[in-house]
Amino acid sequence: MSELQETPPAAPASPASTAGQEASGAGGQPPVKPVLTAGAAKRANASVIGMIIALVLSIATFLPIVLMNPSPKSDGYRPDINVSAVARNAADVAGFTPAAPETGETFRANYARWESGTGSGVPTWEVGYLTPKESFIGLVQTRQSNPTWLLQQVKSAPVTGTRAAGGRDWELRDTGKGEKSMVLRDAGGTTVILAGSAQLDEFTVLAAAVVKALEGNSAPASSASPGSTATATVSPSPAPSP
């Protein structure tokens, strides 16, 4: 009798080899990628075209509005503030002649007003100036200064020295954070404070103009307190001779 030889079972194929066999069975061609049908492609194109049309219509709607509103000039809006005229109007209630320094076109005033001091209790004359270097200096003048009010105006900055301007010594205060103040006491019976973020050379120029304005105020300051009504004093007429 012939001996039968047993054939060992074949090892299971790996997934990679199976995939390779399937690919080779397909003739070695890569898998077929799905393609859009004609209807789906038409719908996709219609959506893109619709978005483009909507964008064009939106631009066409807002473009006339933009063209009808010209962009502002680079130097911005410059209010026409007549500081001297406002100062003359405020003199009647201030009890002193408010300082209106002549600065020409170098320092541009963006406000000038009389504040009655309802909140602080200290009525003030205030003018804001834009400096030639596009910084800011605010002028505040009052005849009713007190230590608490003054500290509020200078933002509690300590005295760091003095600075001469206009022939007067101004008290210099510096917060150390860019804000500076120059204080002139006994300025014609008033206190003048210049405060802002400008450089000291610009402070000095404006301070000199303020001193010149104070010295040029020839009209005597009224002794009446702010808000009071001045009364005229009439001397009695001489008695007729017999």
Side-chain angles (χ1 to χ4, degrees), residues 79-104 106-131 135-157 159-160 162-175 179-198 200 202-228 230:
D80 185 14
I81 305 297
N82 191 331
V83 178
S84 298
V86 181
R88 287 193 297 269
N89 293 334
D92 294 335
V93 295
F96 60 90
T97 303
E102 293 291 338
T103 60
T106 55
F107 290 78
R108 306 189 306 272
N110 59 359
Y111 66 82
R113 63 199 177 204
W114 171 256
E115 290 289 343
S116 61
T118 303
S120 63
V122 178
T124 54
W125 164 246
E126 301 178 359
V127 187
Y129 289 99
L130 297 177
T131 72
S135 294
F136 175 81
I137 299 178
L139 180 154
V140 181
Q141 183 183 14
T142 184
R143 64 180 301 179
Q144 298 185 25
S145 174
N146 60 67
T148 301
W149 174 85
L150 192 146
L151 281 177
Q152 292 175 346
Q153 296 299 311
V154 300
K155 298 183 179 180
S156 301
V159 179
T160 57
T162 59
R163 190 170 182 87
R168 299 288 302 273
D169 287 333
W170 293 67
E171 183 181 271
L172 181 62
R173 292 173 176 259
D174 196 335
T175 62
E179 292 285 335
K180 295 175 285 294
S181 303
M182 289 179 61
V183 182
L184 181 63
R185 304 174 188 269
D186 191 22
T190 66
T191 298
V192 178
I193 301 175
L194 300 179
S197 57
L200 280 177
E202 294 183 313
F203 269 90
T204 303
V205 172
L206 183 58
V210 170
V211 173
K212 185 176 180 180
L214 293 172
E215 294 175 348
N217 289 336
S218 57
S222 170
S223 60
S225 59
S228 63

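Note that these values count all heavy atoms, side chains included, but never hydrogens, waters or copies made by symmetry. Numbering of residues begins at 1 and proceeds along the displayed sequence. Note that this is a predicted model, so its numbers are computed, not measured.
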Item to check | Test log, rule side chain to side chain contact (heavy atoms under 4.5 Å, CB included), inputs V154 and V183 | outcome: CA-CA 9 Å; V154 300; V183 182; 4.1 Å; yes
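- For the pair T191 and Q153, the minimum side-chain heavy-atom distance is 4.5 Å or more.
- Between L184 and L214 the shortest side-chain heavy-atom distance falls below 4.5 Å.
- Taking CZ from R168 and CG from D186, the interatomic distance works out to 6.0 Å, rounded to the nearest 0.5 Å.
- The nearest pair of heavy atoms linking V83 to A109 is CG2-CB, 3.5 Å.
- Residues A165 and V211 share a closest heavy-atom pair of O-CG2, 3.7 Å.
- Here the side chain of R143 pairs no donor or acceptor atom with the backbone of F96 at under 3.5 angstrom.
- Residues I81 and R113 fail the side-chain proximity criterion, which asks for heavy atoms closer than 4.5 Å.
- S135 and S197 get closest at one heavy-atom pair: OG-O, 4.2 Å.
- Between I137 atom CD1 and L194 atom CG the span is 6.5 Å, to the nearest 0.5 Å.
- Nearest heavy-atom pair, M182 versus T204, reported as atom, atom and distance to 0.1 Å: SD-N, 4.5 Å.
- Here the straight-line distance linking atom CG of N89 with atom CH2 of W114 works out to 13.0 Å at 0.5 Å rounding.
- Side chains of T124 and E126: a donor-acceptor N/O pair is present below 3.5 angstrom, by distance only.
- In this structure, F203 and K180 have side chains that are in contact, with non-hydrogen atoms separated by less than 4.5 Å.
- Contact record, W125 with A99: NE1-O, 2.8 Å, taken as the closest heavy-atom pair.
- For the pair L206/E202, no side-chain contact is recorded, criterion being any heavy-atom separation below 4.5 Å from C-beta on.
- Between K212 and E102 no salt bridge is recorded (no basic side-chain N to carboxylate O distance below 4.0 Å).
- Residues L200 and L172 are in side-chain contact: their nearest non-hydrogen atoms beyond the backbone lie under 4.5 Å apart.
- For W149 (side chain) and V122 (main-chain N/O), no donor-acceptor pair under 3.5 Å exists by modelled atom type.
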Checklist entry - Do T97 and Q141 pass the side chain to side chain contact (heavy atoms under 4.5 Å, CB included) test, and can you show the C-alpha distance, the side-chain angles, and the key distance before you say yes or no? => result CA-CA 10 Å; T97 303; Q141 183 183 14; over 6 Å; no
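- P101 places a side-chain heavy atom less than 4.5 Å from the side chain of Y129.
- Atom OG1 of T131 sits about 8.5 Å away from atom CZ of R108, to the nearest 0.5 Å.
- Using a 4.5 Å cut-off on side-chain heavy atoms (C-beta onward), V192 and W170 make contact.
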